[in-house]
Amino acid sequence: MVEAVRKVFVDLYNEGLIYRDKRLVNWDPHFQTAISDLEVEPREVKGQYWHLRYPLADGVTYEHPVFDEEGEPAGTERRDYIVVATSRPETMLGDTGVAVHPDDERYKSLVGKFVTLPIVGRRIPIVADEYPDMEKGSGAVKITPAHDFNDFEVGKRAGLEVMNILTSVAAIVDGDEADTAGIPQRYRGLDRFEAREAVLADFEDAELMHEIEKLKIEQPFGDRSGVVIEPWLTDQWYVNAKELAKDAIKAVREGETRFVPTNWEKTYYNWMEDIQPWCISRQLWWGHRIPVWYGPMLDRGRYVSTAERKVFVAKTWDDAKALAENDPDYEGVRVNLDESPLQMPHTGTMHTVEERPRDVYLVQDEDVLDTWFSSGLWPFSTMGWPNKTPELDAFYPGAVLVTAFDIIFFWVARMMMQGIKFMDGKAPFKDVYIHALVLDEKGQKMSKSKGNVVDPLELVDEYGADALRFFLARQATQGRNIRMSTQGVEGYRNFATKIWNAAKFCQMNEVQFGQGIDPSTIKHPTNKWVIGELVRAQAAVADAIAAYRFNDAADANYRFIWNVYCDWYVELIKPLLGGDDEALKAETRLVAGWVFDEMLKALHPFMPYLTEELWGKLAEARDGFLMLERWSDFGPEYQDAEADAELDWMLDFISEVRGVRGTLNVPAGAKPSLAIIGANENTKARLARHGDVIKRRARLEEITLSDAMPDGAVSLVLGEATLGLQVADLIDLAEEKSRLGKEIEKLEKDIAGIEKKLANEKFVSRAPPEIIEEQHTRKADAEAAIDKLRGAATQLASLLG
RNA sequence: GGUCGAUUAGCUCAGCGGUAGAGCACUGCAUUGACAUUGCAGGGGUCACAAGUUCAAUCCUUGUAUCGACCA
């Protein structure tokens, strides 16, 4: 790891992609280190804008427009000062200019003139620059290049001096720097906030305080220290991220690396295309120490008069020493390592003497690297790079990186840049899956300071790890965050219990686990159907996982297990397992067990503990872990359309009867008889096969074939047949009349809608034929059903008298 | 200011150019054979608003509003 980090640093340095530069950094005065833009948290806080009067130098005056109480223009007044607005008055000690917008009519005459900076008495120019906002404050801004990022840029454009007035702990400077800036003695060493009070008091005393405006201001805070960050001028090491970003952008543009969901690509581009030089040095005690050694500046063995130092960048001290010894400037001198005491390289100065030293001492940079500099090497440094290893061959590039969106900049972007750079242009992963953030119940980000953190371990204790995991998967819709909900987790605890109980049922019924099946030998439609359902569900799970749609995968599992296997299949096979057809019993035990086993496989990624446990317990002598099982590929022989149609019919039959019973409040204990009118041969055959099961599930006394609707029977339509549920003595016939009325009304509405559509010439001529066909079918079905229901209504009416 | 996302049942959220879905909550019924951590049934939605495209829009386009996140 150390080797990888040093190699990357040295290589990038030698290519000119790492360099040392004096720039403004985000300085954390608490931890006394530079931090990256990403570690700065802008917060809106209550603040003030102080409007300060800067006296114009050389007796200059100008006319400034004034307004009356209604805000109407009221002429001008002659001023011998210019007003600047600031939220940080103490920085005025370092002001080296005042800027106004070139289009600002008010100040046009002042550009090129000077002001006398109060307190320090410095003469500074008024310059024109696009930066000031004419609408904000007075329209004129003070420029402090050493202590503000915008001002730094303005200063650069206008050629203003850069004057540092703060120390590393954000106190006013003392000594030489203070002398240069002309800072009065009483200010020196004051903390920045004390200095602010002092400056304000001085302005008040000098009657230069123009106005105080209260408003909300954005202030930068260190995300770890929580103190106000100070833009500060220092020497730091930078990576030319702009250059490295080029190929990293290209890799995503060309589809070598794909973001899932894809909309994050835009976020990635936005940041990468506007990337700033990456400050990688940190003034911390932990981390990878920067592999740079500094020595005195010599010219062919002689000291030269400069404060600069010679820089040797190398992987080790030995290499650095060799570099120095071979340097013509170090000709004839002995190179030694100076281990202490060390000077902070960004503040230190070196002696300059006109002589030929016998020994020079090199000192290693005290700073360490930004943690993301080494983390960015993770995809290959963990595989043994820079050595060539089998692991590196096998696992670079990786298939998928799973992470949260807030890590795209910190980590993903750096891995992309460094991976492509050092791994022959190959991006470190094919897919980047950006997962949801887990928020609290109200949709707020969890944080310690808010006290809304939900401890996953507590949820695991209460509901189980599988329930929590399944809940998260079920909620993990692409592009949306997850709101934590204990109630939701509880629901999946119940799901786990349900599975456990289904297993118990199977065991009690001597279901055979751990056996294969040959679908061609399975005879009973219910068994054929459940095999088909399992296969379809498993395919749905597999497809969803492949598409990173984990919610759909979890959902497909949930539905199959609860709604198909438990709610229907288990109920449907109870009569079979309790019957006396031994061959059918054996077949059902085999199928029930096989389907259960396959179900465990499909569910395993979502509920690993429960499924592994059941897998091991249900069958004796299974070879190994469920975790290691492969999912099977099921061919068409596992599907049977005929069986599916038959079961659909049966399930409809039962549901329809249950629905009517519910609507008409037929007591659950009552077992009415049912007559079927107009059944075709197919229906009769199905009835022969499933009559017993239907009776049991729909709670019917008997099912008979009939030519006519028995008196007082409630009609419902099932395919070509009409079912007559004989409940006249159990229900309120008026209820039934109203039910029929509602059904008929609904169908009439449907039919009217379809007819309107079909009467629309444009629809008939332009819609695809299958859509038109579908409308015809729907209409015919609805008409057939409505006929039967109208017949029933007439009959009922006569019965009611 | 820029970018992205959201707006669908009381709540949390799926979904889709052609019949609006789930879970929870709610209502009614059911309890001696897997499971009350349950079963069966039911009520409940102008799919934010406006315009456009289309034979057809909750879905596509544009705009508006509100909310959220990220960046500046």
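Source: prediction; values computed, not measured. Note on naming: letters A, B, ... go to the chains in the order of the sequence lines (proteins, then strands), and numbering restarts at 1 for each one.
- The residue A:Asp750 sits apart from the nucleic acid: no heavy atom pair falls under 4.0 Å.
- Within the 4.0 angstrom heavy-atom criterion, only backbone atoms of the sugar-phosphate kind lie near A:Arg483; the bases stay farther away.
- As judged by a 4.0 angstrom heavy-atom cut-off over every strand, A:Glu571 is placed among the base-contacting residues.
- Residue contacts for A:Arg480: at a heavy-atom cut-off of 4.0 Å it reaches the sugar-phosphate backbone alone, with no base atom in range.
- Of the possible polar contacts, one joining the A:Arg414 side chain to the A:Phe410 backbone as a donor-acceptor pair under 3.5 Å is found.
- Residue A:Val764 is classed as having no contact, given no heavy-atom separation below 4.0 Å to the nucleic acid.
- Under the side chain to side chain contact (heavy atoms under 4.5 Å, CB included) criterion, A:Val454 pairs with A:Met446, A:Leu459, A:Met484, not counting sequence neighbours.
- Nearest nucleotide to the A:Gln475 side chain, out of B:U54, B:U12, B:A14: B:U12.
- Distances shorter than 4.0 Å separate some side-chain N or O of A:Asn494 from OP1 or OP2 on B:U38.
- Atom CG in A:Leu651 sits 10.0 Å away from atom CG in A:Asp567 (nearest 0.5 Å).
- Rounding to whole angstrom units, CE of residue A:Met446 and P of B:G68 are separated by 19 Å.
- Taking atom P in both B:G10 and B:C47, one finds a spacing of 13 Å when rounded to whole Å.
- Of the candidate nucleotides B:U7, B:A34, B:U37, B:U37 has the atom nearest to the side chain of A:Arg493.
- A:Trp562 comes within 4.0 angstrom of the backbone, heavy atoms only, and of no base.
- With B:C55, B:G18, B:U37 as the choices, the nucleotide that has an atom nearest any side-chain atom of A:Thr497 turns out to be B:U37.
- Candidate nucleotides B:C29, B:G39, B:C24 were compared by shortest atom distance to the side chain of A:Gln487, and B:C24 ranks first.
- Classified by interplanar angle (parallel below 30°, tilted 30° to 60°, perpendicular above 60°), the ring pair A:Phe495/A:Phe470 is tilted.
- For A:Ile771, the listed nucleotide lying nearest its side chain is B:G18; candidates were B:A34, B:A22, B:G18.
- Using a 4.0 Å cut-off, no side-chain N or O of A:Trp500 falls inside it from OP1 or OP2 of B:U38.
- Nearest to the side chain of A:Lys504, among B:C55, B:C35, B:U38, sits B:C35.
- Of the C1' atoms belonging to B:A20 and B:A50, the separation is 23 Å, rounded to the nearest Å.
- Nucleic acid contact for A:Pro667: none, since no nucleic acid atom lies under 4.0 Å from a heavy atom of the residue.
- Using atom C1' as the reference point in both B:C35 and B:C40, the two lie 15 Å apart (nearest Å).
- Here the C1' atom of nucleotide B:U19 and the CD1 atom of A:Ile754 are 9 Å apart, to the nearest Å.
- Cation-pi check for A:Arg253 over A:Tyr269 is met; the charged atom lies under 6.0 angstrom from the ring centroid and within 45 degrees of its normal.
- Nucleic acid contact class of A:Arg549 (heavy atoms, under 4.0 Å, all strands): sugar-phosphate only.
- Proximity of A:Thr477 to the phosphate of B:A14: a side-chain N or O atom is located under 4.0 Å from OP1 or OP2.
- Nucleotides B:U3 and B:U38 are separated by 48 Å at their P atoms, to the nearest Å.
- Note that A:Arg474 lies outside the cation-pi zone of A:Tyr492, set by a 6.0 Å cut-off to the ring centre and a 45° limit from the axis.
- Distance noted for atom P between B:C60 and B:U66: 22 Å (whole Å).
- Among B:C55, B:C70, B:U19, the nucleotide with an atom closest to any side-chain atom of A:Lys757 is B:U19.
- A:Glu770 has its CD atom 13 Å from the C1' atom of B:G17, to the nearest Å.
- Side-chain atoms of A:Cys566 lie closest to B:A34 of the nucleotides B:A34, B:G18, B:A6.
- A gap of 14 Å separates the P atoms of B:G68 and B:C13, to the nearest Å.
- The aromatic rings of A:Phe513 and A:Phe596 sit perpendicular to each other, their planes meeting at more than 60°, with 30° as the lower class boundary.
- The residue A:Phe495 sits apart from the nucleic acid: no heavy atom pair falls under 4.0 Å.
- Take A:Arg258 and apply the salt bridge (Lys or Arg N to Asp or Glu O under 4.0 Å) test, not counting sequence neighbours, and it matches A:Asp431.
- Judged by distance alone, the side chain of A:Asp440 and the main-chain N or O of A:Asn452 form no donor-acceptor pair under 3.5 Å.
- Toward the 5' end of RNA chain B, the nearer of the two residues A:Asn551 and A:Ala668, judged by each one's closest nucleotide, is A:Asn551.
- Spacing of P atoms, B:G63 relative to B:U19, comes out at 29 Å, to the nearest Å.
- Closest to the A:Arg658 side chain, of the nucleotides B:C29, B:A41, B:G23, is B:A41.
- Distances from the side chain of A:Arg474 to the nucleotides B:A22, B:A14, B:U37 place B:A22 closest.
- Nearer to the 5' terminus of RNA chain B, by closest-nucleotide assignment, is the contact made by A:Gly669 (compared with the other of A:Gly669 and A:Gly659).
- The environment of A:Glu571 atom CD is dense: over 12 non-hydrogen atoms of other residues, nucleotides or ligands sit within 6.0 angstrom.
- Spacing between atom CH2 of A:Trp271 and atom P of B:U3 amounts to 20 Å, rounded to whole angstrom units.
- We find that NZ of A:Lys498 is positioned 4 Å from P of B:G39, with the value rounded to whole Å.
- Ring planes of A:Trp264 and A:Phe405: parallel class, angle under 30° (limits at 30 and 60°).
- Residue contacts for A:Lys266: at a heavy-atom cut-off of 4.0 Å it reaches the sugar-phosphate backbone alone, with no base atom in range.
- Stems are defined here as 3 or more consecutive Watson-Crick or G-U wobble pairs with pairing distances under 3.5 Å; those involving RNA chain B are B:1-7 with B:65-71, B:10-13 with B:21-24, B:26-30 with B:38-42, B:48-52 with B:60-64.
- Here the separation of B:A9 from B:G1, taken at their C1' atoms, is 38 Å to the nearest Å.
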